[in-house]
Amino acid sequence: MKLQTKFYLLAFSIFSCTVNLNAEQLDTLELVHVERKMGQPIKRIHRVEYLLDAQELVGGSEVLRKNVSHWMGLQLARLTAVTVEAGKQVSENVVANDYEKQYIRNSKKEILAWLKATKGKDERPLCYTLDVKMVREYETPKMITFKVEAYQYGANRKGLQSEVLATFRKSDGKQLTWNDVPLKKERTKLNLLVAKGVQKYYETSNFTMLKERLSIQRPYTQKDFPLPMSSPGFTKEGLKATYLIGEISEEQTPSVTLSYSQIRSILQPNLKALLK
């Protein structure tokens, strides 16, 4: 496979695109490496930075590529606080919607508003940062999982890290949901396993102590413990459930990995076939 590299110089930004050679491995789909960087100084000592390092899918069926790109676009829209109109298809290219320009513009407005509110009394430099990585996490002959990792730093001067995953079926491009994971009669067992995983994450000795650490508003037990709003992600180690800020905690983004030995007995037959 021929290695191709292209560079595009934009205002305050550098974009590069490189074909990834690992597509030659057995049962793996071809990817393109996309890198996007943009920064802008504000009032000399303040700054806004946007960094994107992504593996964009170019192999596989058209519907698979479109669905993966749509999901990646939605993650960028969420992270940059860009509104996507209901029913509108996100671009098939993760850089085509110019998320970085909107992020730079919105962040600049916030910094200028902060400077006006503090009347310049706070002389500490403020750097708004969004650093996003989108990578293939796992792949089998019948499915592929992508992961989006992000680091955000903003007005509260606290860094926030987050992670979401999505698994897609290669045959028709379907993104798997929580409804695709357990047998219907085993749904409560999945909730129970995730609840125990979250309890382990927080290192609490019992479920009552865990509930004191969480900010879930509705009544709940271990058997109806809320699953993440983001989709399930299948990895080499097992099924990964990741929560975003505000879902079950206002300060942390818990994640749980259930090994295949833990969940094998509750999985739907069609899902078991994808994992082979």
Side-chain angles (χ1 to χ4, degrees), residues 1-6 15-37 50-80 90-97 99 130-151 161-178 180-181 228 230-242 244 253 255-260 263 271-276:
M1 181 181 297
K2 184 179 180 181
L3 180 66
Q4 298 178 351
T5 304
K6 299 179 181 179
F15 164 71
S16 66
C17 179
T18 306
V19 174
N20 192 321
L21 294 180
N22 65 5
E24 294 180 355
Q25 298 174 12
L26 184 63
D27 295 323
T28 60
L29 298 178
E30 185 178 350
L31 302 170
V32 166
H33 178 226
V34 177
E35 186 175 5
R36 192 86 161 183
K37 297 180 181 180
Y50 173 96
L51 303 97
L52 171 66
D53 190 339
Q55 292 178 341
E56 188 173 12
L57 184 64
V58 294
S61 67
E62 180 180 358
V63 66
L64 175 63
R65 295 195 304 272
K66 180 176 286 188
N67 289 351
V68 171
S69 292
H70 178 75
W71 176 78
M72 286 184 169
L74 288 177
Q75 303 316 306
L76 285 178
R78 172 179 60 83
L79 291 165
T80 56
V90 178
S91 171
E92 294 179 19
N93 187 301
V94 296
V95 298
N97 277 354
Y99 291 103
L130 177 59
D131 189 347
V132 184
K133 291 181 174 59
M134 297 178 163
V135 298
R136 172 175 51 195
E137 174 70 10
Y138 183 58
E139 186 173 354
T140 73
K142 296 181 180 179
M143 70 173 200
I144 185 168
T145 298
F146 283 89
K147 176 175 68 175
V148 174
E149 293 179 307
Y151 173 79
Q161 291 181 303
S162 63
E163 175 185 284
V164 293
L165 295 91
T167 297
F168 299 85
R169 193 162 59 197
K170 289 182 178 180
S171 61
D172 59 2
K174 173 181 169 57
Q175 179 182 342
L176 300 184
T177 69
W178 289 106
D180 299 312
V181 177
S230 57
S231 58
F234 288 91
T235 70
K236 183 179 180 180
E237 290 73 29
L239 169 61
K240 194 163 188 178
T242 58
L244 294 174
T253 54
S255 66
V256 174
T257 299
L258 304 176
S259 68
Y260 289 114
I263 63 174
L271 183 54
K272 287 183 179 179
L274 294 181
L275 295 172
K276 292 180 180 180

Any side-chain heavy atom of [X] within less than 4.5 Å of one from [Y]?
X    : Y    : value
T140 : F234 : no
Y50  : T80  : yes
S171 : K142 : no
V181 : L176 : no
K147 : T235 : no
R65  : L29  : no
L74  : R78  : no
L274 : T167 : no

Using 30° and 60° as the class limits, which term best fits the ring planes of W71 and F168: parallel, tilted or perpendicular?
-> perpendicular
Sequence neighbours left out, what passes side chain to side chain contact (heavy atoms under 4.5 Å, CB included) with Q161? Give chain and number order.
-> Y151
For T242, what residues pass the side chain to side chain contact (heavy atoms under 4.5 Å, CB included) criterion, not counting sequence neighbours?
-> E163, V164, L165, S230, K240, S255
Shortest non-hydrogen contact from D172 to V63?
-> O-CG1, 3.5 Å
Who pairs with K174 by side chain to side chain donor-acceptor pair (under 3.5 Å), at least two apart in sequence or on another chain?
-> D180
